[in-house]
Chemist: 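Right, I'll just put the structure down here and ask away after.
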Amino acid sequence: MGYAILAFDGADKARRAAAMDRHRAVISRWAEDGRMPFGTPLFTSAWEASGSLMILEVPDMGGVKAYLAEEPFSVEGVWGDVRVLPFRIAALPYQRLPEPGDPVATTRTHTVAFAYDGTDAEAPARRQAARPAHIARMQPMAADGTLAIGGAILDEAGSRMIGSITVTRHASDEAARAWIAEDPYMKGGVWRDITLHATRLAALPYRPLPGGA
């Protein structure tokens, strides 16, 4: 079972810098042992740190609680708003993520998109109808690095897809929205509520993503 943790920083912005070294130590350990397939900071369009997206591969909410109990950003009050979303990574031919020793960008290179489906009775059928074309589009995007990671947000039972998370190589909201506009999920009326966040990829000792090299 996977979970996406969407966490937004509180008002005291100095806390993030003060806890950063301890945060990196924890997420490095979780990435190395496979419990954290991906993590990235979130920034505003003005390139100010605003939060984090952390994806966990743990069997249940007990694993999420164990992570949050270790995570300095959680324990030391960096994050003021933490949301836990059941999440499943799509198995695609992803390029490898940055590893320790790789250069890390200091400016925006990617965009995180949270795209929620409609809530009407026909929403699941629209997703299923558009899904083959969506996956077909994502395959080459993952292979060429346009899509760093993507997958489905699930309902609380973990049985129904209700949205998507994508991390794409777009350095502006405008470029990301143009890419989203061409997706079968957008053209098919699946995605109805989309939020974008600026980011750049962190270098961690990740294991390969599902389907990736």
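From a predicted model like this one, the values you see are computed outputs, not experimental measurements.
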Chemist: Could Arg126 and Asp120 be called an ion pair, given the rule that one side-chain N must be under 4.0 Å from one carboxylate O?
Modeler: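 The answer is yes: the pair qualifies as a salt bridge.
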Chemist: Residues in side-chain hydrogen bond (donor to acceptor under 3.5 Å, both in side chains) with Tyr185, at least two apart?
Modeler: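 Expected list: Arg127.
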Chemist: Here's a test for you: under side chain to side chain contact (heavy atoms under 4.5 Å, CB included), which of Thr40, Val112, Ile89 qualifies with Ile149?
Modeler: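 Single side chain to side chain contact (heavy atoms under 4.5 Å, CB included) partner of Ile149 among Thr40, Val112, Ile89: Ile89.
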Chemist: Kindly write out the residues that satisfy side-chain hydrogen bond (donor to acceptor under 3.5 Å, both in side chains) with Arg160, not counting sequence neighbours, or none if the list is empty.
Modeler: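 None.
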Chemist: Considering residues at least two apart in sequence or located in another chain, which fulfil the ring pair (Phe, Tyr, Trp, His ring centres under 6.0 Å) criterion with Phe87?
Modeler: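 Applying ring pair (Phe, Tyr, Trp, His ring centres under 6.0 Å) to Phe87 gives none.
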Chemist: Enumerate the residue pairs fulfilling salt bridge (charged side-chain N to carboxylate O under 4.0 Å, His left out) with a member in residues 20-29, sequence neighbours excluded, ordered by first and then second residue.
Modeler: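 Pairs touching residues 20-29 that pass the test: Arg22-Glu76, Arg29-Glu70.
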Chemist: Applying side-chain contact (heavy atoms from CB on, under 4.5 Å), run through Thr111 and Val167 and close with a yes or a no.
Modeler: CA-CA 6 Å; Thr111 297; Val167 181; over 6 Å; no
Chemist: Quick one, Asp81 with Trp79, criterion side-chain contact (heavy atoms from CB on, under 4.5 Å). Give me CA distance, side-chain angles, the key distance, then yes/no.
Modeler: CA-CA 6 Å; Asp81 178 10; Trp79 294 335; over 6 Å; no
Chemist: Which pair of non-hydrogen atoms, one from Leu97 and one from Ala148, has the smallest distance, and what is that distance?
Modeler: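 Of all heavy-atom pairs spanning Leu97 and Ala148, the closest is CD2-O, 4.1 Å.
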Chemist: Using side chain to side chain donor-acceptor pair (under 3.5 Å), reason through Arg16 and Ser50 one step at a time and then give a plain yes or no.
Modeler: CA-CA 10 Å; Arg16 173 173 280 264; Ser50 59; over 6 Å; no
Chemist: Mind running side chain to side chain donor-acceptor pair (under 3.5 Å) on Trp191 and Ser164 for me, showing each step along the way?
Modeler: CA-CA 8 Å; Trp191 290 337; Ser164 307; 3.0 Å; yes
Chemist: Could you tell me whether a side-chain N or O of Ser52 sits under 3.5 Å from a main-chain N or O of Met54, the two making a donor and an acceptor?
Modeler: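 Not at all, since once roles are kept as given, no pair shorter than 3.5 Å links the two residues.
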Chemist: Can you list every salt bridge (charged side-chain N to carboxylate O under 4.0 Å, His left out) pair that touches residues 134-148, not counting sequence neighbours?
Modeler: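 Checked against salt bridge (charged side-chain N to carboxylate O under 4.0 Å, His left out) - neighbours excluded - the pairs reaching residues 134-148 are Arg137-Asp183.
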Chemist: Going through the distances and angles, do Ile27 and Leu204 end up as a side-chain contact (heavy atoms from CB on, under 4.5 Å)?
Modeler: CA-CA 8 Å; Ile27 63 175; Leu204 291 171; 3.8 Å; yes
Chemist: Would you kindly confirm whether Met61 and Leu56 end up in one hydrophobic cluster when ILVMFWY residues are joined by side chain heavy atoms under 4.5 Å apart?
Modeler: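 Yes.
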Chemist: List in chain and number order the residues that pass ring pair (Phe, Tyr, Trp, His ring centres under 6.0 Å) with Phe38, two or more places apart in sequence or in another chain; answer none if no residue qualifies.
Modeler: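 Partners of Phe38 under the ring pair (Phe, Tyr, Trp, His ring centres under 6.0 Å) test: none.
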Chemist: So which residues get pulled into Trp47's cluster when ILVMFWY side chains under 4.5 Å apart are joined, directly or through others?
Modeler: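 Phe43, all in the cluster of Trp47.
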Chemist: Enumerate the salt bridge (charged side-chain N to carboxylate O under 4.0 Å, His left out) contacts for residues 30-48, please, sequence neighbours excluded, ordered by first and then second residue.
Modeler: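 Applying salt bridge (charged side-chain N to carboxylate O under 4.0 Å, His left out) to every pair that reaches into residues 30-48, excluding sequence neighbours, yields Asp33-Arg35.
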Chemist: With sequence neighbours left out, which residue pairs that include part of residues 139-159 fulfil the ring-ring contact (aromatic ring centres under 6.0 Å, His included) condition?
Modeler: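 ring-ring contact (aromatic ring centres under 6.0 Å, His included) check on residues 139-159 returns no pairs.
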Chemist: Surrounding CZ of Arg131 (heavy atoms of other residues, nucleotides or ligands, distance under 6.0 Å), is the total greater than 12?
Modeler: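 No, the 6.0 Å shell around CZ holds no more than 12 heavy atoms from other groups.
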Chemist: Output all residues satisfying side-chain hydrogen bond (donor to acceptor under 3.5 Å, both in side chains) with Lys187, sequence neighbours left out; order by chain, then residue number.
Modeler: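 Lys187 satisfies side-chain hydrogen bond (donor to acceptor under 3.5 Å, both in side chains) with Glu182 once adjacent residues are dropped.
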Chemist: Atom CE in Met36, atom CZ in Arg207: separation rounded to 0.5 Å?
Modeler: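 One finds 13.5 Å between CE of Met36 and CZ of Arg207.
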Chemist: Answer yes or no: is there an ion pair linking Asp60 with Lys65, defined by an N-O contact shorter than 4.0 Å?
Modeler: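 So Asp60 does not pair with Lys65 through a salt bridge.
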Chemist: What distance do Leu85 atom CG and Glu156 atom CD have between them, rounded to the nearest 0.5 Å?
Modeler: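 So the gap between those two atoms works out to 10.0 Å.
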Chemist: Could you note down all residue pairs passing ring-ring contact (aromatic ring centres under 6.0 Å, His included) where residues 106-133 supplies at least one of them, sequence neighbours left out?
Modeler: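 Only Phe114-His197 qualify under ring-ring contact (aromatic ring centres under 6.0 Å, His included).
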Chemist: Quick check: are there more than 12 heavy atoms from other residues, nucleotides or ligands sitting under 6.0 Å from NZ of Lys13?
Modeler: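 Yes, the 6.0 Å shell around NZ holds more than 12 heavy atoms from other groups.
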Chemist: Under the side-chain hydrogen bond (donor to acceptor under 3.5 Å, both in side chains) test, which residues partner Tyr67, sequence neighbours left out?
Modeler: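 Listed in chain order: Glu71.
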Chemist: May I ask you to decide if Gly150's main-chain N or O and Tyr94's side chain share a donor-acceptor pair within less than 3.5 Å?
Modeler: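 Answer holds: yes.
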Chemist: Any chance you could measure Gln95, atom CD, to Thr146, atom OG1, to the nearest 0.5 Å?
Modeler: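 It comes to 8.5 Å.
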Chemist: For the pair Arg200 (side chain) and Ala105 (backbone), establish whether a donor and an acceptor sit closer than 3.5 Å, ignoring hydrogens and angles.
Modeler: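 Judged by distance alone, yes, a pair lies under 3.5 Å.
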Chemist: Check for me, please, whether Val26 and Val75 land in the same ILVMFWY cluster - side-chain distances under 4.5 Å, paths through other members count.
Modeler: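 In one cluster: no.
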Chemist: With side-chain contact (heavy atoms from CB on, under 4.5 Å) as the criterion, how do Ile5 and Leu53 come out once you've worked through the C-alpha distance, each side chain's angles and the decisive distance to 0.1 Å?
Modeler: CA-CA 6 Å; Ile5 296 176; Leu53 167 64; over 6 Å; no
Chemist: If only atom types and distance count, is the side chain of Arg15 paired as donor or acceptor with the main-chain N or O of Gly77 below 3.5 Å?
Modeler: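 Yes: the side chain of Arg15 pairs with the backbone of Gly77.
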